[in-house]
Q: 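Pasting a structure here, questions to come.
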Amino acid sequence: MDRPISITDNVYWIGMNDRETHLFESLWPLPCGVSYNSYIIADEKVALIDTVKFTVTSPYLDKIRGLLGGKGKIDYLIVNHMEPDHSGSIRAIVEAFPDIKIVGNLKTAKFLENFYGITENIYIVDDGDELDLGSRKLRFHLTPMVHWPETMMTYDTKDRILFSGDAFGGFGSLDGGIFDDELNIGFYEEEISRYYTNIVAKYSPMVQTALRKLSSLDVKIVAATHGPVWRSNPEYIINYYDRLSSMETVEGAAVIYGSMYGNTKKMAERVARILSEEGIENIRIHDASKSHLSYLINDAWRYRGLVIGTPTYNTGVFPPVNEFVNFLSRSRIKNHVIGVFGSCGWGGGGVKELESFARNSACTFVEPVVEAMGAPKEEDLQKLDEMARGIAREIKQLSCRATSL
Ligand code: FEO
């Protein structure tokens with residue numbers, strides 16, 4: 001999509017798709033790409049809202065020039081978020097439009113200096129401040145830690161568009177359509193969930209604070225920095241983020257394990273079978289050595305039940321499982337039911353560490369803890385059955401959604 005797309009009169013999407021990058025933040029797989037959404041409001045004054053990653057600066061500038069004409073100018077660059085997937089073209093914009101004023105809050109200014117050495121032509125705004133563009137005003141709402149300290153949202157008081165930064169965004173390039181009514185939202189739901197759980201989830205309390213703060217706004221269109229522009233059903237994406245950030249879960253279980261020689265895998269299969277016999281339909285088993293952390297986190301966040309298995313490795317948790325558990329721990333997962341199991345060759349240690357994580361989390365811990373010496377024996381399997389039945393019982397007792405998030 002090499003030309004601007006009109007959102008309302010004088011408001012344009014000028015974003016770029018990225019299908020070349022393998023890992024977002026050099027961490028998270030992008031099998032279906034990602035979009036960096038940027039917008040132009042061509043009122044009496046012209047405002048650019050956020051930019052794009054430096055890898056796509058050149059076609060991005062072409063698109064802007066195509067819209068404004070060769071001599072067109074931009075009065076303001078509104079910076080809702082400074083992560084370089086959005087700020088990476090700021091320097092090029094300043095060079096192309098030297099009279100531009102960069103609009104951000106005090107924290108934005110610090111990031112501008114630290115990341116790009118920019119200290120001039122910065123117009124500082126605070127929460128609730130407005131900027132007059134002529135026929136409309138832009139109002140700024142500070143939403144710190146969604147998901148960086150400087151993050152803010154910009155509200156167009158005329159067209160009631162909320163330019164929300166990363167909030168309400170998701171992975172997945174915009175392939176032809178850009179609006180929610182032009183796209184198969186089923187596809188984007190999954191990519192929004194993965195984006196949220198991988199990148200924003202740790203800051204869920206701040207997302208909840210922002211949602212409460214914005215609840216009185218009359219929002220007709222949600223225009224985030226990634227993913228679809230929500231013009232037909234903005235409530236949908238707002239509600240979806242509300243459910244994700246309040247850790248609303250689905251009736252189901254993620255069974256995440258590592259296994260060097262198949263013993264812990266055998267135990268994972270047993271747990272899943274018993275969960276199924278107890279009526280749990282949504283069950284995802286992941287081998288942590290094969291499934292990327294991104295997908296482990298997404299399924300763990302989504303399903304109410306979480307069963308983690310590890311062999312002991314160097315007296316601790318098997319490294320790929322450890323990476324997963326550390327990530328979950330930092331995300332402060334709650335509203336889940338957790339069980340742990342595993343195997344060891346001699347002294348053990350891995351399962352004990354998993355148990356410590358589970359007991360210290362804000363989740364319901366289900367006993368017994370099961371650790372097999374070598375291959376699981378019948379008594380180990382019986383204990384696994386007991387744990388899996390307990391998990392299934394707890395999943396069903398806690399009220400949760402029966403359908404997918
Ligand atoms: Fe899309 Fe936090 O940058």
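First listed ligand is number 1; within each ligand, the first listed atom is number 1.
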Q: When you measure from atom 2 (Fe) of ligand 1 to the N, O or S atoms of H81, does any of those distances fall below 2.8 Å?
A: yes
Q: Name of the E83 N, O or S atom nearest atom 2 (Fe) of ligand 1?
A: OE1
Q: May I ask you to check whether D180 and N233 show a side-chain donor-acceptor distance below 3.5 Å?
A: no
Q: Is NZ or CZ of R231 both nearer than 6.0 Å to the six-membered ring centre of F179 and within 45° of the ring axis?
A: yes
Q: Output the atom name for the N/O/S atom of H226 with the smallest distance to atom 1 (Fe) of ligand 1.
A: NE2
Q: Do S193 and N298 meet the criterion of a side-chain donor-acceptor pair at a distance under 3.5 Å?
A: yes
Q: Checking N105 against T108: is there a side-chain donor and acceptor pair closer than 3.5 Å?
A: yes
Q: Would you tell me whether H86 and D166 have side-chain atoms, one donor and one acceptor, within less than 3.5 Å of each other?
A: yes
Q: Does D85 bring an N, O or S atom to within less than 2.8 Å of atom 1 (Fe) of ligand 1?
A: yes
Q: For atom 2 (Fe) of ligand 1, give me the closest N/O/S atom belonging to H147, just the atom name.
A: NE2
Q: Check whether any N, O or S atom of D166, backbone or side chain, sits closer than 2.8 Å to atom 2 (Fe) of ligand 1.
A: yes
